[in-house]
Number of protein chains: 2
Amino acid sequence: MAVTIKDVAQLAGVSPSTVSRTCKDHPSISEETKEKVRQAMQKLGYEPNFQASNLASQNSRTIGIVLPPSARETYENSFYLEAIRGISSFCNQKQYINTVVTGNTEEELLSVIKTMSRSGQVDGFIVLYSKQDDIVINHLYNEGFLYVLIGKAYQNINQTIYIDNDNILAAQEATEHLIKQGHKKIAYLGGDNSLMFSADRRAGYQLALTMNGIAINPDYCQELPFKKKDQIKAINQLLSSDDRPTAIVVCDDILAFTLEDICEELKLSIPKDIAIVSFNNSLIAKLATPKLTSIDVNSYQLGIEAASQMINHIENPNLMATKIIVPHHLVVRESSSLDR
Amino acid sequence: MAVTIKDVAQLAGVSPSTVSRTCKDHPSISEETKEKVRQAMQKLGYEPNFQASNLASQNSRTIGIVLPPSARETYENSFYLEAIRGISSFCNQKQYINTVVTGNTEEELLSVIKTMSRSGQVDGFIVLYSKQDDIVINHLYNEGFLYVLIGKAYQNINQTIYIDNDNILAAQEATEHLIKQGHKKIAYLGGDNSLMFSADRRAGYQLALTMNGIAINPDYCQELPFKKKDQIKAINQLLSSDDRPTAIVVCDDILAFTLEDICEELKLSIPKDIAIVSFNNSLIAKLATPKLTSIDVNSYQLGIEAASQMINHIENPNLMATKIIVPHHLVVRESSSLDR
DNA sequence: TGAAATTGTGCAAACGTTTGCGCAAAAATG
DNA sequence: CATTTTTGCGCAAACGTTTGCACAATTTCA
């Protein structure tokens, strides 16, 4: 049997409560006694029992991490693992634990989340996506259960805690980067616009055009379908049109990679005929030929900040909802720049 | 305050113990009573308190997931997220939770693992890698703490539980696939051989050659350095030698991708001049040009099986150590086959 | 029909903490 | 020096389960 608070108390010649208070550095224990207790703890290799401590203080010191319900493809994006690593790393430091929640459908997720919250398995959830009309997010909101979004909230914006990049600004910068290279015919390829990041990036793209006096061409602004085949078809169509764009902002490296492939097939040279800027700065951006200019969104730090906010709100329940903006930066590579 | 076992007991007109036993479907409670209790639980939306239950039954229903201590690049491999998803999914079903442990160095990992095990935060660890002389694995072994390896154990093989692919067989099949295409000059590019999977794949490669009467050329069998620059140098050297191989087995898709790049630079056509087979069947294999023939190792299922074994051993502590071999399969694509 | 075995349920003591409250002893105050 | 205040610590009751044991009620058996 592991060493308990009583063993320490006995060795130090104090009561269990004193030991407990020493652990939390409670001010009403004299430094002298604390030292005595600490030595006893050290000697016995004492570590407070997590379950007992949680039961007594009515919390779980556990954070749920919700992956988007989705097909396998999505997860190839290294964004998720990096965010998880960030969260874990912060949790490890703060003596919290975290648990990944995953499911194929929203319903599956929801049911796991319901039992987790009811049984007190977690103190809150970090949701690794933000999407309109998502039943999971809606449920958490309606129940008043603590959650943090990675991505921008789409409703109840002032009441929800979220960590995000400034995707509008990022896309704006990406677009302006292309404009500076002399491009005027710039397209945007996005994914499902009910996902907040995709919608925001589109908005930033449009903003940049407007601010630079470039008219928005609706044909240039595409919400690509989910299936890869249909994506390829749509891209092919865009690139074969008479009024072909000379530069494209793409919402994701993986998609940009596919785009590069199509360009090659169509004998369009990158960046000469088509310049590309994309998002995430994942390994794929570095491996692609030509290498992709990409906006790094600091997914690891998104995770860190999310965990930090979460723990902050767990420990101070009446804190107001905060929004955190994590910086991004443009990494210029071959796909957008002739002079490099 | 959430609904407790006492509330249910009161509503059902029984004692708390009866409710508890009903939850576990204890045989000594009559079906009649159970039904009554179940209705009460239903009505109140009761969910047993996780912390209290764990404290009373002296476990944590929590599994630690240990990521390899490493630089960022490693994690781009979708293997890890898939394994985590597998573990999570199984845990979610079984009402277990899981917590990711990550750190930049072995020491950092070790310290987190030590406090986690001492404080009873976890019942066991699933280690997502297997490496020789790893201080984390050694610590777990020496302390007699429950752990499951994903990858082959390198020592105390009969006392450790591990989940693995048959990497020897897989590499053998990969190599034989190349031999069947008429190749005789086949090279192997591996990573750090202290990582079990890399060593095994090399062994399988050599076995296939031997069994097919092909002499092993030491120059063909390379353990590539960690830094990308050095990797490129080594590969360039291999491909520029007078006695250039005509086919290569590569231990990882990412590395194979780099290899493709170098081939293109050297104007070597794939698969005509160089055929390639690699491992993991990640998105990158499908996106590469030409698409990579790759061995799918079923990382999601590796996770599932690991979690399953873990829970099995938590609940039956005197079970013997099992080894689980998860099937792989060769996915043939353009990089190895002219006739497709 | 009475004793023994079986069945179904409840009592109460754990599990290892946290924390409000009480109470000595020490320090400060007049 | 008596009184009040402060300081430092311990007592004991929670927290919500699980589970060994006791025991009444029922069934089985001789």
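A, B, ... follow the sequence lines: proteins, then strands. Residue 1 opens every chain.
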Give [X] one of three labels, base, sugar-phosphate or nothing, depending on what nucleic acid heavy atoms sit under 4.0 Å from its own.
X: A:Ser30; answer: sugar-phosphate
X: B:Thr18; answer: sugar-phosphate
X: A:Ser53; answer: sugar-phosphate
X: A:Phe50; answer: nothing

Below the 4.0 Å mark, does [N] have OP1 or OP2 next to a side-chain nitrogen or oxygen of [X]?
X: B:Gln58; N: C:dG16; answer: yes
X: A:Ser20; N: C:dT19; answer: no
X: A:Lys6; N: C:dG16; answer: no

Return the value, rounded to whole Å, for the distance between atom [atom1] of [X] and atom [atom2] of [N].
X: A:Leu44; N: C:dG16; atom1: CG; atom2: P; value: 15 Å
X: A:Gln51; N: C:dT17; atom1: CD; atom2: P; value: 11 Å
X: A:Asn59; N: C:dT17; atom1: CG; atom2: C1'; value: 11 Å
X: B:Glu32; N: C:dT7; atom1: CD; atom2: P; value: 16 Å
X: B:His26; N: D:dT17; atom1: NE2; atom2: C1'; value: 15 Å
X: A:Asn54; N: D:dT17; atom1: CG; atom2: P; value: 15 Å
X: B:Leu55; N: C:dT17; atom1: CG; atom2: P; value: 9 Å
X: B:Ile5; N: C:dG10; atom1: CD1; atom2: P; value: 12 Å

Is a donor from one side chain sitting under 3.5 angstrom from an acceptor on the other, for [X] and [Y]?
X: A:Asn59; Y: B:Gln51; value: no
X: B:Gln309; Y: B:Thr322; value: yes
X: B:Asn312; Y: B:Asn316; value: yes

Between B:Asp25 and B:Arg38, does at least one N-O distance fall below 4.0 Å, as a salt bridge requires?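 So B:Asp25 pairs with B:Arg38 through a salt bridge.
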Report the nucleotide, chosen from [options], that has the shortest atom-to-atom distance to any side-chain atom of [X].
X: B:Arg21; options: D:dG20, C:dG20, D:dT17; answer: D:dG20
X: B:Ile29; options: C:dT9, D:dC15, D:dT18; answer: C:dT9
X: B:Ala52; options: D:dG16, D:dT18, C:dG8; answer: D:dG16
X: A:Ser17; options: D:dC11, C:dT17, D:dT17; answer: D:dC11

Using side chain to side chain contact (heavy atoms under 4.5 Å, CB included), reason through A:Val297 and A:Phe197 one step at a time and then give a plain yes or no. CA-CA 11 Å; A:Val297 296; A:Phe197 76 86; over 6 Å; no
Compute the angle between the rotation axes at the two ends of the helix from C:dT1-D:dA30 to C:dG30-D:dC1, each taken over five pairs, rounded to 10 degrees.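 Angle reported: 40°, given to the nearest ten degrees.
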Exceeds 12 heavy-atom contacts within 6.0 angstrom, atom CD of A:Gln10: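 No, because the 6.0 Å sphere around CD of A:Gln10 holds 12 heavy atoms or fewer from other groups.
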Earlier contact from the 5' end, DNA chain C, for A:Val19 and B:Lys36: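 Taking each residue's closest nucleotide, the earlier one in sequence belongs to B:Lys36.
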Aromatic plane relationship, B:Tyr147 with B:Tyr141 - under 30° parallel, 30 to 60° tilted, over 60° perpendicular: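 Answer is perpendicular, since the angle exceeds 60°.
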OG1-CG distance between A:Thr99 and B:Asn92, expressed to the nearest 0.5 angstrom: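 So the OG1 of A:Thr99 and the CG of B:Asn92 are separated by 6.5 Å.
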